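Below: one structure in structure tokens.
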Amino acid sequence: MSATSRFAPMLLSTLLATGLAWAQPSDNPLLSVSPLPLQYPQFDKLRDEHFAPALDRGMAEQLAEVQAIADSADAPSFDNTVLAIERSGRLLNRVTTLLFNLLGADANPARQQLQTDYAAKLAAHRDAVLLNPKLFARVEAVYAARDKMAPNAEAKRLIERYRRDMVRAGALLNDAQKARMKAINAELATLSAAFNKAVLAEVNDSAIVVDSADELAGLTPGQIAAAAANAKQRGLDGKYLIALLNTTIQPFETVLQNRALRERLHRASVARGTRGNEFDTRATLSRVIALRQERAALLGYPTPAAFVLEDETAQSADTVNALLRRLAPAALASATQEAAELQQLIDSDQAAKGQPSFALQAWDWSHYADKLRSAKYGFDESQLKPYLELTSVLERGVFFAAEQLYGITFKRRTDLPVYRDDLRVYDVFDNNGKQLAIFIADLYARPSKRGGAWMNSYVSQNPLEGTQPVVANHLNIPKPPAGEPTLMTWDEVKTMFHEFGHALHYMFNQSRYPSLARVPRDFVEYPSQVNEVWARWPSVLANYAKHYQTGALMPSELLDKVSRSKRFNQGYTTLSYLGAAIVDQRLHQLSPGQAPGADNIEAFEAQVLKQEGVDFGPVPPRYRLPYFSHILGGYAAGYYAYIWSEVLDADTVEWLNAKGGLKRANGDALRSKLLSRGGSEDAMLLFRNLVGHEPDIKPLLERRGLVVQKP
């Protein structure tokens with residue numbers, strides 16, 4: 001037996017014998033499967049010091065498992081190689097899942113330090129598995145005989161997935177190249193952790209301090225009280241603190257009447273990551289891109305984008321570029337027309353006040369767009385919000401639509417532990433009455449939570465282990481003062497439906513093998529975007545859009561106004577999104593040696609926006625590079641996925657409308673042909689099997705009111 005093959009079992013036995021900083025299983029809830037329903041995490045027993053020993057043990061256990069597979073004297077087979085790898089690492093998966101979920105939802109210094117300490121270690125562990133030459137030789141042997149060895153079509157796809165993942169990790173490289181690959185991966189993991197930590201810290205550090213409540217005109221009394229409470233928590237009695245969200249445009253820019261304060265808020269937002277302080281992310285981002293370029297070149301790809309997109313449904317940068325460049329001129333034309341209307345409104349508004357006018361700026365857009373919508377359609381956000389109370393939207397809207405479409409039901413439970421008191425937990429029952437999943441709703445913003453909205457799982461559906469899903473949705477809705485209702489914006493309502501679409505996709509997955517639950521990044525947003533359609537579906541709206549005080553239904557005339565305004569401001573929305581998506585693509589389409597330096601990040605971004613025709617001053621990108629967390633995570637060279645998925649989504653909504661909309665028959669088709677299949681079949685085949693034809697961009701253009709030239 002070689003030294004390498006002996007290492008993992010010896011490491012495991014040595015650590016177990018010495019008890020190296022490990023709590024015993026009775027003291028550390030992470031070292032054993034949770035006894036709670038569906039293995040729901042024991043948040044009440046969890047302490048931050050439990051993670052390190054559990055991570056160490058989890059890595060050692062999986063290395064031992066993997067090395068035993070690699071050293072097996074038996075001829076390679078599906079069961080003793082690919083399926084055995086699929087079964088390995090249960091403890092490590094359980095621990096990393098919990099840690100990284102909490103880092104996103106409820107970070108603290110101890111957890112962030114764990115991420116820093118273990119980022120490189122976990123990257124090295126992944127490389128130790130995927131770059132194990134003996135293991136790859138066995139996988140390669142099974143792959144070569146997959147037509148005979150695979151017991152079913154999904155098994156064959158799993159074999160192909162493992163082989164592809166190992167090759168893309170560097171399994172075909174020579175020893176020197178593998179060593180360099182491991183070093184790159186370790187550094188990238190450390191840099192990613194540092195970037196995410198800095199972005200969260202910068203959001204909190206950049207909060208705006210306001211001296212007087214008079215400056216906050218436009219905010220509700222509850223919002224002003226919340227700003228005062230935020231300031232008091234930081235020792236700023238008598239002041240007001242406006243927290244930032246991760247997007248460029250801040251929600252309060254819509255309602256704040258004080259233009260100078262809107263400008264302060266906007267400038268604070270766009271300056272994040274560039275202030276030269278400890279949270280400056282530019283050098284980190286520059287190094288990440290250079291390392292990604294080197295990694296792509298090692299694997300034989302011209303750019304990082306080429307490497308990423310090969311594994312997506314788009315498959316090539318040319319395909320993505322073509323879509324984005326087809327949409328950009330139409331989005332710019334629409335946004336320019338919208339800007340002209342807003343400028344006219346500003347001019348007339350200032351003239352009515354007897355004051356000189358001013359040129360429309362980014363911090364004016366959402367404020368005057370809300371005024372223009374009110375003038376055009378007779379309503380604004382303030383009229384909608386009393387009918388959009390959070391509990392009603394969630395239970396009588398989001399859940400109700402799922403009940404009608406799929407026959408599933410929900411029951412709130414309060415006996416399970418939570419990591420924050422304002423979480424909601426629900427049992428989910430399938431249409432046969434059996435439990436399907438547990439759902440966690442983590443809906444409020446907090447300083448310890450990253451920006452945006454997302455779904456994650458704490459326990460996966462795994463037929464090999466007999467586990468069922470525990471899934472969570474995370475939003476960043478501002479929390480009102482105690483005793484006041486949470487009244488949502490229409491965008492927040494759509495986001496809630498969207499994220500629950502992800503949850504449904506995960507809960508309904510019936511793949512035989514856990515790894516096949518994964519779908520391409522540019523496909524994963526598709527089902528969740530389809531789920532947004534139910535937010536404005538008449539029977540769903542009538543069930544949840546009720547006045548929080550009187551219980552009165554949202555007036556039909558107001559619903560009609562909402563419906564008529566669905567294309568309003570779509571030029572702005574599309575252009576803002578495209579700016580971020582195009583910059584992401586161009587950044588990752590740079591060849592080795594072309595990564596912008598830390599001092600050139602902003603200049604590179606500006607140059608790309610200009611070259612691609614999307615540099616319209618009043619419409620900044622939804623995210624700027626120094627706080628564009630998506631591209632340090634799973635959306636590197638992948639932010640285009642939202643518009644790519646919306647092509648499929650809009651086409652599918654056309655199919656739903658033609659089939660009668662919110663009907664069980666349609667839900668059954670969505671579930672059986674799409675949501676339950678995971679990644680067990682080609683993603684685009686799933687789409688075609690559902691709607692019966694190739695994707696058509698026309699429904700998307702119609703939805704957004706865009707007219708584009710033929711390519």
Side-chain angles (χ1 to χ4, degrees), residues 99-108 111-112 115-116 119 123 187-207 243-251 268-275 277-289 291-292 304-305 308 442 445-456 472-476 495 498-499 502 521-522 524-525 576-588 596 598 601-602 604-605 620-642:
L99 174 60
F100 285 98
N101 285 354
L102 290 175
L103 277 164
D106 195 25
N108 63 31
R111 292 168 187 168
Q112 290 174 328
Q115 185 180 23
T116 299
E187 187 175 355
L188 280 172
T190 300
L191 291 170
S192 179
F195 185 94
N196 290 328
K197 180 179 179 181
V199 167
L200 179 59
E202 181 76 309
V203 165
N204 294 323
D205 191 66
S206 297
L244 300 186
L245 296 183
N246 201 37
T247 49
T248 295
I249 299 299
Q250 299 298 310
S269 177
V270 298
R272 285 173 289 151
T274 67
R275 297 190 294 158
N277 59 7
E278 61 186 305
F279 311 128
D280 197 305
T281 59
R282 291 172 293 182
T284 300
L285 180 60
S286 176
R287 180 61 178 161
V288 164
I289 299 304
L291 289 169
R292 286 176 177 171
V308 169
D442 180 358
R446 66 181 73 96
S448 61
K449 194 179 194 179
R450 68 177 173 88
W454 68 97
M455 186 281 292
N456 58 26
N473 277 173
H474 304 272
L475 277 67
N476 268 282
T495 299
H498 176 101
E499 294 306 328
H502 284 302
R521 179 63 68 181
D522 57 6
V524 73
E525 297 297 336
S576 177
Y577 164 79
L578 288 176
I582 287 170
V583 168
D584 166 42
Q585 277 303 310
R586 285 285 299 274
L587 184 66
H588 287 97
I601 293 292
E602 295 147 287
F604 168 82
E605 182 179 78
R622 181 170 173 80
Y623 299 98
R624 298 192 64 200
L625 286 174
Y627 49 87
F628 201 170
S629 296
H630 289 73
I631 62 174
L632 266 290
Y635 283 85
Y639 196 62
Y640 77 94
Y642 291 92

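Note that the coordinates shown come from a computational prediction; the quantities given were computed from them, not determined experimentally. Computed from heavy atoms alone, side chains included, the values below leave out hydrogens, waters and symmetry copies.
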If we ignore hydrogens and angles and just use 3.5 Å, is the side chain of N277 paired with the main-chain N or O of D280 as donor and acceptor?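 Between the backbone of D280 and the side chain of N277 there is a qualifying donor-acceptor contact (under 3.5 Å).
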Short question: side chain of N204, backbone of P447 - any donor-acceptor pair under 3.5 Å?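 Yes, because the side chain of N204 sits within donor-acceptor range (under 3.5 Å) of the backbone of P447.
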Below 30° counts as parallel, above 60° as perpendicular, anything between as tilted: where do the rings of F628 and Y623 land?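 Answer is parallel, since the angle falls under 30°.
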Which heavy atom in D205 sits nearest to a heavy atom in R275, and how many Å separate them?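 Smallest interatomic distance, heavy atoms only, reads OD2-NH2, 2.6 Å.
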Can you tell me how far the NE2 atom of H630 sits from the CG atom of N246, to the nearest 0.5 Å?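 These two atoms lie 8.0 Å from each other.
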Do Y627 and V270 have side chains that get closer than 4.5 Å, going by heavy atoms?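 The answer is yes, as the side chains (C-beta and beyond) meet within the 4.5 Å cut-off.
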Could you give me the CA-CA distance, side-chain angles and deciding distance for D442 and K449, then say whether side-chain contact (heavy atoms from CB on, under 4.5 Å) is met? CA-CA 10 Å; D442 180 358; K449 194 179 194 179; 3.1 Å; yes
side-chain contact (heavy atoms from CB on, under 4.5 Å) between Q112 and L200, intermediate numbers included: CA-CA 11 Å; Q112 290 174 328; L200 179 59; 3.8 Å; yes
S576 side chain to R622 main-chain N or O, any donor-acceptor pair under 3.5 Å?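 At least one qualifying donor-acceptor pair exists.
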From CG (N456) to NE2 (H502), nearest 0.5 Å: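 With rounding to 0.5 Å, CG (N456) is 11.5 Å from NE2 (H502).
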Ignoring hydrogens and angles, tell me if any N or O in the side chain of Q250 forms a donor-acceptor pair with the backbone of L245 under 3.5 Å.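 Yes: the side chain of Q250 pairs with the backbone of L245.
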Shortest non-hydrogen contact from R111 to D106?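 Where R111 meets D106 most closely, the heavy atoms are NH1-O, 2.7 Å.
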Does P621 offer a backbone N or O that forms a donor-acceptor pair with the side chain of T248 under 3.5 Å?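 Checking the backbone N and O of P621 against the side chain of T248, a donor-acceptor pair under 3.5 Å is found.
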Can a donor-acceptor pair be found, under 3.5 Å and without considering hydrogens, that links the side chain of T274 to the backbone of A271?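 Looks like yes, one N/O pair under 3.5 Å.
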Let me confirm one number: the CG-CD distance from L578 to Q585, rounded to the nearest 0.5 Å.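 Going from CG on L578 over to CD on Q585, the span is 11.5 Å.
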Using 0.5 Å steps for rounding, measure from the OG1 atom of T116 to the NZ atom of K197.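 Reported value, rounded in 0.5 Å steps: 5.0 Å.
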Under the side-chain contact (heavy atoms from CB on, under 4.5 Å) criterion, do F604 and I601 qualify, and how do the steps go? CA-CA 5 Å; F604 168 82; I601 293 292; 5.9 Å; no
Give a yes or no on whether the backbone of D522 and the side-chain of E525 come within a donor-acceptor separation of less than 3.5 Å.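 Not at all, since once roles are kept as given, no pair shorter than 3.5 Å links the two residues.
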Does a side-chain heavy-atom distance below 4.5 Å link P596 with L587?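 They are in side-chain contact.
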Sole candidate of W454, Y642, Y640 that passes ring-ring contact (aromatic ring centres under 6.0 Å, His included) when paired with Y635: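 That would be Y642; it is the only one of W454, Y642, Y640 passing the ring-ring contact (aromatic ring centres under 6.0 Å, His included) with Y635.
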Where is the tightest heavy-atom contact between G638 and D584, given as atom of each residue plus distance?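 Scanning both residues, the minimum pair turns out to be N-OD2, 3.1 Å.
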Let me see the working for I289 and R292 under side-chain contact (heavy atoms from CB on, under 4.5 Å), right down to the final yes or no. CA-CA 5 Å; I289 299 304; R292 286 176 177 171; 4.2 Å; yes
So which heavy atom on R521 is nearest to which on G634, and how close?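 Closest approach of R521 to G634: NE-O, 3.2 Å.
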So which heavy atom on E499 is nearest to which on A453, and how close?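 In this case the closest contact between E499 and A453 is OE2-O, 3.4 Å.
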Could you tell me the separation between the CG atom of N196 and the CG atom of L632, rounded to the nearest 0.5 Å?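 These two atoms lie 6.0 Å from each other.
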Measuring from atom CG of L291 to atom CG of L191, what distance do you get when rounded to the nearest 0.5 angstrom?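 Nearest 0.5 Å value for the CG-CG distance: 6.5 Å.
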Looking at P626 and R272, what are the two nearest heavy atoms and their distance?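 Taking P626 first and R272 second, the nearest heavy atoms are CB-O, 3.4 Å.
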Short question: side chain of N476, backbone of G452 - any donor-acceptor pair under 3.5 Å?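 The answer is yes, because a donor-acceptor pair under 3.5 Å joins these two groups.
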